[in-house]
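Comments concern the structure below.
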2 protein chains.
Amino acid sequence: MKVSKKKVAENRDALVQAAGRLFRERGIDGVGIAEICQQAGLTHGALYAQFPSKEALAAEALAGGLIRSHARMTAPIEGREPTLTDSLDYYLSSQHRDNLGGGCAMAASASEIARQGKAVSAPFTDGFAKQVGVIERTLSGSATDRREQALTIVAAMIGGIAAARATAKANPALSDDILVAVRRVLGELGAAAKPAATRGPR
Amino acid sequence: MKVSKKKVAENRDALVQAAGRLFRERGIDGVGIAEICQQAGLTHGALYAQFPSKEALAAEALAGGLIRSHARMTAPIEGREPTLTDSLDYYLSSQHRDNLGGGCAMAASASEIARQGKAVSAPFTDGFAKQVGVIERTLSGSATDRREQALTIVAAMIGGIAAARATAKANPALSDDILVAVRRVLGELGAAAKPAATRGPR
DNA sequence: TGTACATCAGTGAACGCGCGTTCACTGATGTAC
DNA sequence: TGTACATCAGTGAACGCGCGTTCACTGATGTAC
């Protein structure tokens, strides 16, 4: 049966949402078309009316997860611009660590994206660059220093949450230590770049 | 035909080596039993004389890759102990970025390991903790500071190489920038912890 | 040391299974008049 | 506005395929005498 244009858009969105969550939780190869469509309230054949292949869905689903994650990190907190500390506290929290499906697609799929084609890696690269820009703006110092620090901070955020997730099952205490340590050391790194007045531990 | 004990050990080793390289290159789900056995010079049925399942092979293969990578980072350079700068230069090089199969299993499979069972995640956790210990010994300052800095440095190394790999296809210049930036900022972080005499840029 | 035989790593055909994808069909939607 | 009909998102059975795993068999190795 044909469905209304509104319903078509809703169904497409449901597919992208379900795919994004499941891909982040279990990897692209770890989830089948059938389960994605089922969670979107459709049968498996419906996917091909919207996407040419699973890979195309993966590209859009992961890109969507990046945009959402980026939006969350740049959203104003109590009316003001988020600081580096705000970003670190959100990103390197045990909640984010334990919420693979709803979290940042860069962290959830970093090592997988390196093996995918350009359709998947291009949005990731854009998302990474944008995130570096956001962190850069919270820093002070020369343009070169700020950029280098921002690149390192974003890399450490991704590595930190990935390492915390990978160690969570076998050594929860170490996993927690990673989150605390990365948050504190990166916070100090950002603070160190600022005038002496704003310096000091978090 | 029965084979000699020596040959059995060689075959087992060949399986672990081939599996490790292929899993790092294309992920556990991205490689089949047939290809692994073929690259080890065996037929696919041979695997089950040595391992109960693909998962058991994956656990041993990834653990082997960690041990090898760890050994490379702790090996003396020109007779002396490797410094933080030595470790960073090796780990965050474009050679390491472009050598997925021969590189560090933590970086190649970080986000995948978080989804695997304990058999795979336990060796990863041990490898991570050991690596933190190695970095810790190159730092100075209070025990707490050293540990927090070492945890952050290892997380940033993993995140840095993972991000460099994920961005390499879509934006090679950004990928190079990540490696240079993380190397320099982490190097300065380590140097900053030392007495003033040894301070300064790399 | 030499001979007879039990062992078992490795072979390769075969297995069931779930995957991604296709396709003839359905029927409510949206359009042409 | 009301009616007739073309459209096409979604259905669900079916497809081929490659996967991980099993198993009867092989034959050189290693052991018992």
Side-chain angles (χ1 to χ4, degrees), chain A residues 1-62 109 112-113 115-117 119-120, chain B residues 1-62 109 112-113 115-117 119-120:
Chain A
M1 56 256 161
K2 186 164 180 177
V3 296
S4 68
K5 284 185 177 176
K6 192 188 157 213
K7 191 66 192 165
V8 169
E10 282 174 15
N11 285 344
R12 187 189 169 92
D13 197 56
L15 279 171
V16 172
Q17 294 296 327
R21 181 165 39 80
L22 290 167
F23 286 158
R24 269 172 258 128
E25 279 172 5
R26 306 214 297 269
I28 297 173
D29 292 336
V31 189
I33 291 299
E35 191 179 357
I36 294 165
C37 292
Q38 188 194 308
Q39 293 223 6
L42 297 165
T43 56
H44 61 277
L47 186 134
Y48 295 90
Q50 305 263 13
F51 298 93
S53 66
K54 187 189 185 185
E55 200 200 353
L57 173 63
E60 187 156 331
L62 287 179
S109 308
E112 227 179 338
I113 286 164
R115 301 181 193 117
Q116 300 292 321
V120 175
Chain B
M1 55 257 159
K2 186 166 181 177
V3 296
S4 69
K5 284 186 179 176
K6 192 187 157 215
K7 191 68 192 163
V8 170
E10 282 174 15
N11 286 344
R12 187 189 168 92
D13 197 56
L15 279 171
V16 172
Q17 294 296 327
R21 182 165 38 80
L22 289 168
F23 286 159
R24 269 172 257 128
E25 279 172 5
R26 307 214 296 270
I28 296 172
D29 292 335
V31 189
I33 292 298
E35 190 179 357
I36 295 165
C37 292
Q38 188 193 309
Q39 293 223 6
L42 298 164
T43 57
H44 61 276
L47 187 135
Y48 295 90
Q50 306 265 12
F51 299 92
S53 67
K54 187 190 183 184
E55 200 200 355
L57 174 63
E60 187 155 331
L62 287 179
S109 308
E112 227 178 337
I113 287 164
R115 302 181 193 118
Q116 301 292 322
V120 174

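All heavy atoms count here, side chains included; hydrogens, waters and symmetry mates do not. We name chains A, B, ... by the order of the sequence lines, and we start the count at 1 in each one.
Protein atom CD1 of A/I33 is 20 Å distant from nucleotide atom P of D/dG16, rounded to whole Å. As rounded to whole Å, 14 Å separates atom P of C/dG18 from atom CZ of A/R26. Between the P atom of C/dG20 and the CD atom of A/E35 lies a distance of 10 Å, rounded to the nearest Å. If you take CG of B/N11 and P of D/dT29, they are 13 Å apart, rounded to a whole angstrom. For the pair B/L15 CG and C/dG10 P, the computed distance is 8 Å after rounding to whole Å. Straight-line distance from the OH atom of A/Y48 to the C1' atom of D/dC8: 18 Å, rounded to whole Å. Between A/K6 atom NZ and D/dA9 atom P there is a gap of 18 Å when expressed in whole angstrom units. Distance, A/K7 NZ to D/dT7 C1': 20 Å, rounded to whole Å.
In this structure, the nucleotide among C/dT21, D/dT11, C/dG10 sitting nearest to the side chain of B/L42 is C/dG10. For A/T43, taking side-chain heavy atoms from C-beta onward, the closest of the listed nucleotides D/dT29, D/dG12, C/dT11 is D/dG12. Comparing atom distances between the B/H44 side chain and each of C/dG12, C/dG10, D/dA9 picks out C/dG12 as nearest. Which of D/dG10, C/dG10, C/dG20 sits closest to the side chain of B/Q50 comes down to C/dG10. For B/S4, counting side-chain heavy atoms from C-beta on, the closest listed nucleotide (D/dA9, D/dG30, C/dG20) is D/dG30.
Summarising the local packing, CD of B/E10 is surrounded by more than 12 heavy atoms from other residues, nucleotides or ligands at distances under 6.0 Å.
Base pairing annotation: D/dA32 forms a Watson-Crick or G-U wobble pair with C/dT3, both donor-acceptor distances under 3.5 Å. Nucleotide C/dC25 is matched to D/dG10 when pairs are restricted to Watson-Crick or G-U wobble geometry with both distances under 3.5 angstrom. Base-pair partner of D/dG20: C/dC15 (Watson-Crick or G-U wobble, both distances under 3.5 Å).
Heavy-atom minimum distance, B/L62 versus B/V120: CD1-CG1, 3.8 Å. Between A/R24 and A/A61 the shortest heavy-atom distance is NH2-O, 4.3 Å.
Contact annotation: B/K54 side-chain N/O to D/dG20 OP1/OP2 distance is under 4.0 Å.
To the nearest 0.5 Å, atoms CD1 (A/I33) and CZ (A/F51) are separated by 10.0 Å. A distance of 11.0 Å separates CD1 in B/I28 from CG in A/D29, rounded to the nearest 0.5 Å.
Nearest-nucleotide mapping onto DNA chain D: of B/L47 and A/V3, the residue sitting toward the 5' end is A/V3. Of the residues near DNA chain C, A/K2 and A/K5, the one whose nearest nucleotide (by heavy atom distance) lies more toward the 5' end is A/K2.
Heavy atoms of B/G45 sit under 4.0 angstrom from at least one base atom.
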